[in-house]
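Here's the structure, in structure tokens; my notes come after.
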Amino acid sequence: MKKMLIVVVGLMLSLTTQAFTLVIDAGHGGKDPGAIGRKCKEKEINLAVALELGRLVTQNCPDVKVVYTRKTDTFVELNERADIANKAKADLFISIHVNSTAAKVGPQGTEIYTLGMHRAADNLEVAKRENSVITLESNYEQRYEGFDPKSSESYIIFELMQDKNMEKSVALAKQIQKQFRSTAKRVDKGVHQAGFLVLRATGMPSALVELGYINNPTEEQYLASTAGRAALAKSIYNGFVAYKKANGK
């Protein structure tokens, strides 16, 4: 009876201490491979880093509940990813991706996006590529209220949005980017703003992480390696911990 009481009390304490919910979103998946390199696909990299990030948080942060939008190679619609975060009443949403360009050989470096105005043409192109996944969904025109991911005019709505979570989202992005520089020793391509549908629908601070360029042979080799993925996940984890500490969570 005494042992049972101890177990019950332990369970109650663990439930009460998990006051913070982190949603980790591995971009793409299933029928949507994302960007494709010579050796691997974006969806594989995203999932590997997401799962390692979640493992680090679960192992080291007992007060944090980790929720995944996907843990396997499955296709999850963009609005469903946001719904998962909103239903979980998440405190933070981190979406993990890999970048690519139209050029034969892409640049190098990590960059992080928060929801906002896409003043630079390059930012808009990244948003268009990531948002194009909705065309794989049935009835996406109705579901996303006529939003056309390929049309620049569709992005005007993001110019009008005032994201109440923008300040915290930028703070999170800066902490993670700092760790990409120091922990993973990656080229720093900065923190930017752009119109990502997956971030638009979430009701909490959020960031979309681009781990590197899969169409750069050197970066792809790093992204495909176990060591590279571990270093990237560790960087995001360290950034998350620093953000959480700075915000008194």
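Here the structure is a predicted model, which is why all the values come from computation and not from measurement.
For F180, there are no ring-ring contact (aromatic ring centres under 6.0 Å, His included) partners two or more places apart in sequence or in a different chain. A search for side chain to side chain donor-acceptor pair (under 3.5 Å) contacts involving N215 returns T101, not counting sequence neighbours. Scanning for side chain to side chain donor-acceptor pair (under 3.5 Å) contacts around T69 gives D25, with sequence neighbours left out. A search for side chain to side chain contact (heavy atoms under 4.5 Å, CB included) contacts involving K89 returns nothing, not counting sequence neighbours.
The shortest heavy-atom contact between G239 and Q179 is N-CG, 3.5 Å. The two residues A242 and Q175 come nearest to each other via the heavy atoms CB-OE1, 3.4 Å. A pairwise comparison of heavy atoms in V23 and A88 identifies CG2-CB, 4.5 Å as the closest pair. Considering all non-hydrogen atoms of both residues, A50 and I24 come closest at CB-CG2, 3.7 Å. Between L223 and G212, the closest heavy-atom pair is CD1-C, 4.1 Å. Residues S235 and T183 share a closest heavy-atom pair of OG-CB, 3.5 Å.
Between the side chain of E137 and the main chain of L78, a donor-acceptor pair closer than 3.5 Å is present. With hydrogens and angles disregarded, no donor-acceptor distance shorter than 3.5 Å links the side chain of R186 to the backbone of L232. In this structure, the side chain of E219 engages the main chain of G109 through a donor-acceptor pair within 3.5 Å. Looking at K65, its side chain never comes within 3.5 Å of a backbone N or O of L22 through a donor-acceptor pair. R81 places no side-chain N or O within 3.5 Å of a backbone atom of T202 that could act as its donor or acceptor partner. Between the side chain of Q193 and the backbone N or O of T114 there is no donor-acceptor pair closer than 3.5 Å.
Look at D73 and K43 and you find a salt bridge, because one of the NZ, NE, NH1 or NH2 atoms lies within 4.0 Å of a carboxylate O, short of that distance. For the pair R55 and E52, the salt-bridge criterion is met [side-chain N within less than 4.0 Å of a carboxylate O].
Counting heavy atoms from C-beta outward, T21 and V64 have side chains that stay 4.5 Å or more apart. With a 4.5 Å cut-off on side-chain heavy atoms, F240 and L53 do not count as touching.
In the hydrophobic cluster analysis, where Ile, Leu, Val, Met, Phe, Trp and Tyr join through side-chain heavy atoms closer than 4.5 angstrom, F20 is grouped together with L172. At a threshold of 4.5 Å between side-chain heavy atoms, the hydrophobic network of Ile, Leu, Val, Met, Phe, Trp and Tyr places L47 and I36 in two separate groups. Note on L197 and L208: same hydrophobic cluster, where clusters join Ile, Leu, Val, Met, Phe, Trp and Tyr whose side-chain heavy atoms are under 4.5 Å apart, directly or indirectly. Hydrophobic clustering, with ILVMFWY side chains joined whenever heavy atoms are under 4.5 angstrom apart, keeps V76 apart from I96. V191 and Y213 end up in different hydrophobic clusters when Ile, Leu, Val, Met, Phe, Trp and Tyr side chains are linked at under 4.5 Å.
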Output, in order, the C-alpha distance, side-chain angles, deciding distance and verdict of side-chain contact (heavy atoms from CB on, under 4.5 Å) for I214 and C40. CA-CA 8 Å; I214 201 170; C40 55; 4.2 Å; yes

Apply the test side-chain contact (heavy atoms from CB on, under 4.5 Å) to residues N86 and M204: give CA-CA distance (whole Å), side-chain angles for both, the deciding distance (0.1 Å), then the verdict. CA-CA 8 Å; N86 293 331; M204 71 289 304; 3.5 Å; yes

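Note on residues 220-233: no pairs pass side-chain hydrogen bond (donor to acceptor under 3.5 Å, both in side chains), not counting sequence neighbours. Under the salt bridge (charged side-chain N to carboxylate O under 4.0 Å, His left out) criterion, the residue pairs touching residues 188-197 are R181-D188, with sequence neighbours excluded.
The local environment of NZ in K39 is sparse, with at most 12 non-hydrogen atoms from other residues, nucleotides or ligands closer than 6.0 Å.
In this pair, F196 and Y113 present their aromatic rings perpendicular. The plane angle is above 60°, beyond the 30 to 60° band.
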